[in-house]
Amino acid sequence: MRAELPGRLTLPYSEQGDPAAVPVVLLPGVGDSHRVFEPLLAHLPPDIHAVALTPRGCGDATRPRDGYGTPDLAADVAMFLDVLGRDDAVLVGASSGGLVAQRFAADRPGRVRGLVLLGAPVTLRGNPAVEEFGAGFLTDPVEPAYVRRMWTSLFRDPVPDNVLDVLVEENLKVPARVWRALLEGLVADSSADDLARITAPVLALCGDRDPVLSLPDQRARVAALPRASLVVLPDAGHCFYVEEPARPARELTAFVRSL
């Protein structure tokens with residue numbers, strides 16, 4: 001499925017579940033498309049109206065020259081909801097997609113029914129891992145072996161080859177100029193300064209074996225949010241929503257049903 005947004009912007013998405021229910025809009029991490037959520041979507045019950053979105057520049061979405069900061073990506077989500085004819089939604093941000101979700105929730109609190117953060121950083125400002133992560137994406141062509149190694153480093157245990165192949169294939173669609181712009185936008189994101197403006201209930205999930213995130217940072221964010229809870233998944237890595245989707249699917253389902 002494709003959404004045609006103002007400015008000649010086309011964003012692919014997938015949709016499943018009860019169309020009469022509040023949409024649960026899933027936002028992927030940097031360079032990923034909506035297909036990163038396929039393992040998770042397979043574990044969601046039919047009463048959850050799940051809509052997984054591909055951001056601008058990624059997957060088969062339009063690749064404009066600019067507009068890759070988190071305020072731009074959050075504005076795209078607002079336009080996407082308008083196209084769907086929805087006033088509000090539950091937002092789910094996975095990995096760095098959580099920064100886009102945070103930005104949206106802080107700037108548009110009236111449009112957020114709830115916020116779920118899946119292995120999402122609080123901020124990437126001053127994080128040396130960003131430079132290390134982005135090193136292999138800064139020149140064309142991006143090497144498939146590099147992308148495969150990057151994904152493998154984020155999993156606690158190996159995932160099936162057919163799952164990994166999709167993730168790598170989608171990342172390789174993104175040109176280096178878009179990778180650079182997305183990474184610059186994420187590092188510049190200031191949503192961590194505006195957590196008090198997020199009024200919706202928040203559920204944050206993280207793995208206790210995440211090689212990227214700091215558990216104290218996760219706890220500090222939850223403490224700074226007016227209505228938030230943290231679930232630490234035992235023996236889970238960074239991309240647990242791909243590697244072990246049944247567990248986050250249960251938590252997400254319970255959270256959405258509680259709203």
Side-chain angles (χ1 to χ4, degrees), residues 12 26-42 52 54-61 63 68 70 73 93-100 117-187 189 205-215 217-218 233-248:
L26 297 99
L27 307 177
V30 60
D32 297 335
S33 77
H34 68 277
R35 298 199 63 188
V36 75
F37 293 115
E38 288 176 354
L40 179 66
L41 294 173
T54 296
R56 65 167 64 198
C58 301
D60 296 318
R63 309 192 207 288
Y68 293 100
T70 54
L73 300 177
S95 190
S96 58
L99 297 180
V100 179
L117 302 170
L118 305 177
V122 179
T123 181
L124 292 177
R125 287 178 293 185
N127 189 331
V130 176
E131 182 175 349
E132 180 181 351
F133 168 84
F137 295 103
L138 300 184
T139 56
D140 291 317
V142 176
E143 290 294 330
Y146 178 85
V147 179
R148 189 171 290 270
R149 287 196 303 272
M150 180 272 294
W151 274 111
T152 301
S153 72
L154 297 176
F155 295 133
R156 182 177 58 83
D157 295 314
V159 299
D161 286 342
N162 63 314
V163 173
L164 184 57
D165 288 345
V166 168
L167 301 176
V168 173
E169 178 184 346
E170 293 298 292
N171 281 170
L172 291 175
K173 293 177 180 179
V174 183
R177 69 170 181 86
V178 173
W179 278 108
R180 284 194 299 270
L182 286 169
L183 290 168
E184 290 170 1
L186 290 170
V187 171
D189 175 69
L205 281 74
C206 69
D208 68 351
R209 295 175 61 182
D210 191 317
V212 178
L213 302 184
S214 158
L215 189 53
D217 285 350
Q218 297 289 304
L233 301 175
D235 297 319
H238 182 63
C239 293
F240 52 82
Y241 49 92
V242 175
E243 187 177 3
E244 303 176 88
R247 287 199 287 178

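Checked by atom type and distance alone, the side chain of Gln218 pairs as donor or acceptor with a backbone atom of Ala120 at under 3.5 Å. Judged by distance alone, the side chain of Ser33 and the main-chain N or O of Cys58 form no donor-acceptor pair under 3.5 Å. With Arg156 contributing its side chain and Gly237 its backbone, the two residues share no donor-acceptor pair below 3.5 Å.
Shown here are the salt bridge (Lys or Arg N to Asp or Glu O under 4.0 Å) partners of Glu243, two or more places apart in sequence or in another chain: there are none. Qualifying salt bridge (Lys or Arg N to Asp or Glu O under 4.0 Å) partners for Glu169, counting only residues two or more places apart in sequence or in other chains: none. For the side chain to side chain contact (heavy atoms under 4.5 Å, CB included) test, no residue two or more places apart in sequence or in another chain qualifies with Ala42. With sequence neighbours excluded, no residue satisfies side-chain hydrogen bond (donor to acceptor under 3.5 Å, both in side chains) with Ser96. For Arg125, the salt bridge (Lys or Arg N to Asp or Glu O under 4.0 Å) partners two or more places apart in sequence, or in a different chain, are Asp193. By the side chain to side chain contact (heavy atoms under 4.5 Å, CB included) test, Pro39 pairs with Val163, Val242, Pro245, sequence neighbours left out. Looking at residues two or more places apart in sequence or on another chain, you find a side chain to side chain contact (heavy atoms under 4.5 Å, CB included) between Ala181 and Tyr68. In terms of the side chain to side chain contact (heavy atoms under 4.5 Å, CB included) criterion, residue partners of Pro28 (sequence neighbours excluded) are, by chain and number, Asp32, Val36, Phe37, Pro55. Residues that satisfy the ring pair (Phe, Tyr, Trp, His ring centres under 6.0 Å) test with Phe137, not counting sequence neighbours, are Phe133, Tyr146, Trp179. Asp217 pairs by the side-chain hydrogen bond (donor to acceptor under 3.5 Å, both in side chains) definition with nothing, not counting sequence neighbours.
Residue pairs meeting the side-chain hydrogen bond (donor to acceptor under 3.5 Å, both in side chains) criterion with at least one member in residues 206-215, sequence neighbours excluded, are Asp210-His238. Applying the salt bridge (charged side-chain N to carboxylate O under 4.0 Å, His left out) test to residues at least two apart or on different chains, the pairs with a partner in residues 141-154 are Arg148-Asp165.
You'll find the side chain of Leu26 stays beyond 4.5 Å of the side chain of Tyr241, heavy atoms only.
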